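Chain letters run A, B, ... following the sequence lines, proteins first, then strands; residues in each count from 1. Treat the numbers as computed from the prediction; the structure is a model and nothing was measured.
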Amino acid sequence: MSDVLAVAEHRRGELRDVSYELVTVGSEVADATGGDLHLAVISGDVDAHAEALNLEGVDAIHTVDHGEEFNHDVYAQVVEQVYDAVDPQVLLTPNSVNGLDYGPAVANALDLTYVSDAVGVEFDGSTLTATREMYSGKVETTTEVEAESVAVSIRSAEWPATETAGDASIEAFDATVDEDAVKSTVKGFEEVGGGDVDITEADVLVSVGRGIEEEENLDLVRDLADALDATLSSSRPIVDNGWLPKNRQVGQSGKVVTPDFYIAIGISGAVQHVAGMKGAENIVAINTDPNAPIYDIADYGIVDDLFEVVPALIEEFEG
Amino acid sequence: MKVLVTVKEVAAVEDEFEIDGTAIDEAYLEYDLNEWDDYAIEEGVQISESEDDVEVVSVTIGPERSEETIRMALAKGADRAVRVWDDSLEDAEMLDVEAKTNLLAAVVEEEEPDLVLSGVQADDDGFGATGVSLADEVGFEWAAVVNDLELDVEGGVASVRRELEGGVEELTDVDLPAVLTIQTGINEPRYASLRGIRQAQRKEIKPMTLDDLGLSADVAESDLEIVDMYEPETESDATLFEGSPDETAGQLAEVLRDGGVGQ
């Protein structure tokens, strides 16, 4: 019992990047445990997905052809059955919205210790150690897991994708799905955030975050966007507050943008936000907190009060 | 119908802080209601306002200090509250997902709600797992990361939208009883009114010990141990402009103009 089982993720016909990253983590851990890396590919075009995931480090791929899209009741049942058959020491799932929709249920049902949102995983031969963030990324912790078997969900984009082809065995796994226990129905998908502006097309984005404090203060960043002939975007809290529509949101659950200049005003740079803008050519941060993670990826920064800097900047372009 | 809303008092860290061993020095922590749970409370209260005969019960796991947090839920419209605590929990270094699952499952068995609303995650330890784990433990249906909810109470179905990555929402029907983990932005949480705050003083907060819940002290035992805590290395190679706001704005303006911005 030293194998590793990782569960691939796909949506609307496409494997998601995290699936290739799971192969990287999985083969690292399997090397350390001395066991095999197994992948479970569940629902959708399992043959095509299995083919794509036949990568270096993968020993066996188990496919379960059941339905087109993710359904947590199906996933929970099937992952439990594959787990029982493979009997691994470590179960790896993505820490995605769907991963969080079955991982904790599976861990509870199988009585596995669950560690979520790992950004690092090490195995020293006997103990698994995970690196996790706490307090919105202000600190990192090293967490030791003193359990025989453990389920870990991994954060996306923390490991490189494995791309080299492999020679895994691919076999259909004979799972039994109890349809009476499937008490949820996925009816469809909807793209959100259409509307007047496409922020992904903008060359210059003035982006505003929680630091703006009040809705009335948005006029200040609107004025800056006008002065720079830029488009206004925002981080999540501004949209949550209803101050800007969803089509302006940059980040994991919003849009991914790659402008020439991204000017982040009062944005701390939480990982979910950074996922949406790290590809910008030039990143400018204006934030009072010198330790804010936005400065880790910024090219230029002003550690000062936005309410003083932004008017001065408007003056520079309009004065 | 009965709606159970789980809330957590979380610690936020000041910009400047010190780490003491494997925890943040208490002096730099400020306690508040978890942001996600504020939306869960609002969703529960809105259900009680739009449907007949709905009781909203709020539950928290926490020491006496956390009564302040649970009073906020009461002031915003929850009908009554349950606070789970025990001397034996005091010494636990961390309550992991399994421990919280088992504690809350005992409350669910006691209260028998039709719907459980929890926040997607807690702002401090950020596991994001307790709601779905709880659903499995008590045999409820569930949905994670819900940003829209319509209830068909008679039909026993919750129609939800799950906020997936990349601006895509999944439309899903789940049978009741269910646990839904609530995402920020699903509603606009109200501020507690003065009247609400006054009323909250008279509402019941029922303390429950492990004994009351039929649990033993080993519920808090964890296989997880935090062995190190540190500030992540900053890898900043940003050019930081220094000086008065006029000076820094001037330097930034030069960079922007060189890049063709505002020309």
Side-chain angles (χ1 to χ4, degrees), chain A residues 96-97 100-101 104-105 107-109 113-114 116-117 133-136 138-147 183-193 204 227-229 239-240 242 252-255 260-261 282 284 289 291 295-296 298-304 308-309 312-313 316-317, chain B residues 12-13 15 19 24 97-98 101 123-129 132-133 135-137 141-145 162-165 167-175 184-185 188 223-232 234-236 238-241 245-246 248-250 252-253 255-256 259 261-262:
Chain A
S96 58
V97 172
L100 289 173
D101 201 34
N108 189 67
T113 298
Y114 186 67
S116 62
D117 206 15
E133 292 183 348
M134 277 180 74
Y135 303 105
S136 318
K138 283 212 167 125
V139 297
E140 275 184 10
T141 63
T142 310
T143 301
E144 275 184 13
V145 189
E146 287 147 26
K183 293 180 173 172
S184 61
T185 316
V186 177
K187 295 182 303 179
F189 299 91
E190 220 170 271
E191 306 271 349
V192 292
V204 184
L228 299 179
D229 197 16
V239 173
D240 278 352
Q252 204 169 66
S253 54
K255 297 282 172 71
D260 296 336
F261 277 91
N282 294 284
V284 180
D289 178 7
N291 299 319
Y295 287 113
D296 290 349
D299 301 291
Y300 304 96
I302 299 177
V303 182
D304 205 346
E308 295 197 33
V309 175
L313 195 55
E316 281 286 335
F317 282 86
Chain B
V13 184
D15 283 347
I19 293 168
I24 292 183
V97 175
E98 192 183 351
T101 297
D123 208 17
D124 48 7
D125 56 18
F127 269 96
V132 172
S133 178
D136 179 76
E137 184 64 26
E141 188 47 39
W142 72 86
V145 194
R162 296 181 54 238
E163 185 191 85
L164 305 181
E165 296 85 355
V168 177
E169 292 180 350
E170 181 201 274
L171 284 67
T172 299
D173 284 351
V174 299
D175 289 358
T184 59
E188 281 185 48
D223 293 325
L224 300 183
E225 190 187 358
I226 296 177
V227 293
D228 195 14
M229 179 182 280
Y230 51 92
E231 289 186 60
T234 47
E235 293 148 19
S236 178
T239 304
L240 296 181
F241 302 121
D246 283 341
T248 55
L252 175 56
V255 170
L256 293 174
V261 178

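A:Tyr114 and B:Ala129 get closest at one heavy-atom pair: CE2-CB, 3.4 Å. Across every non-hydrogen atom of A:Asn291 and B:Asp15, the tightest pair is ND2-O, 3.7 Å. A:Glu140 and B:Pro232 get closest at one heavy-atom pair: OE2-CB, 3.9 Å. Nearest heavy atom pair, residue B:Asp223 against residue A:Ala147, reads OD2-CB, 3.7 Å. Listed here is the closest heavy atom pair of A:Asp304 and B:Pro245: OD2-CG, 3.7 Å.
Looking at A:Asp299, only its backbone comes within 4.5 Å of chain B, counting heavy atoms on both sides. For B:Ala135, no part lies under 4.5 angstrom from a heavy atom of chain A. If you measure heavy-atom distances from B:Glu170 to chain A, the contacts under 4.5 Å come from both the backbone and the side chain. Residue contact with chain B, scored on non-hydrogen atoms closer than 4.5 Å, involves the backbone and the side chain of A:Phe189 alike. For chain B, the nearby part of A:Val284 is the side chain; its heavy atoms alone come within less than 4.5 Å. Interface residue B:Glu141: only side-chain heavy atoms are found under 4.5 Å from chain A. Of the two parts of A:Ser253, the backbone and the side chain both hold a non-hydrogen atom closer than 4.5 Å to a non-hydrogen atom of chain B. Within the 4.5 angstrom heavy-atom criterion, only side-chain atoms of B:Thr101, from C-beta onward, approach chain A. Heavy-atom distances place both the backbone and the side chain of A:Val139 under 4.5 Å from chain B. Looking at A:Ala107, there are no atoms closer than 4.5 Å to chain B (heavy atoms on both sides), in backbone or side chain.
With respect to chain A, the highest number of heavy-atom pairs below 4.5 Å among B:Val13, B:Ile19, B:Val145, B:Asp246 belongs to B:Val13. Annotation: maximal heavy-atom pairing with chain A below 4.5 Å, among B:Glu137, B:Glu98, B:Glu188, B:Glu225, occurs at B:Glu225. Between chain A and the options B:Thr248, B:Leu164, B:Ile24, B:Leu252, heavy-atom pairs under 4.5 Å are most frequent for B:Leu164.
Using modelled atom types, no side-chain atom of B:Asp228 and backbone atom of A:Thr142 make a donor-acceptor pair closer than 3.5 Å. Under a 3.5 Å cut-off, the side chain of B:Ser133 and the backbone N or O of A:Asn108 do not form any donor-acceptor pair. For A:Ser116 (side chain) and B:Phe127 (main-chain N/O), a donor-acceptor pair under 3.5 Å exists by modelled atom type. Of the possible polar contacts, one joining the B:Glu165 side chain to the A:Val97 backbone as a donor-acceptor pair under 3.5 Å is found. Between the side chain of A:Asp101 and the backbone N or O of B:Ala144, at least one donor-acceptor pair lies under 3.5 Å.
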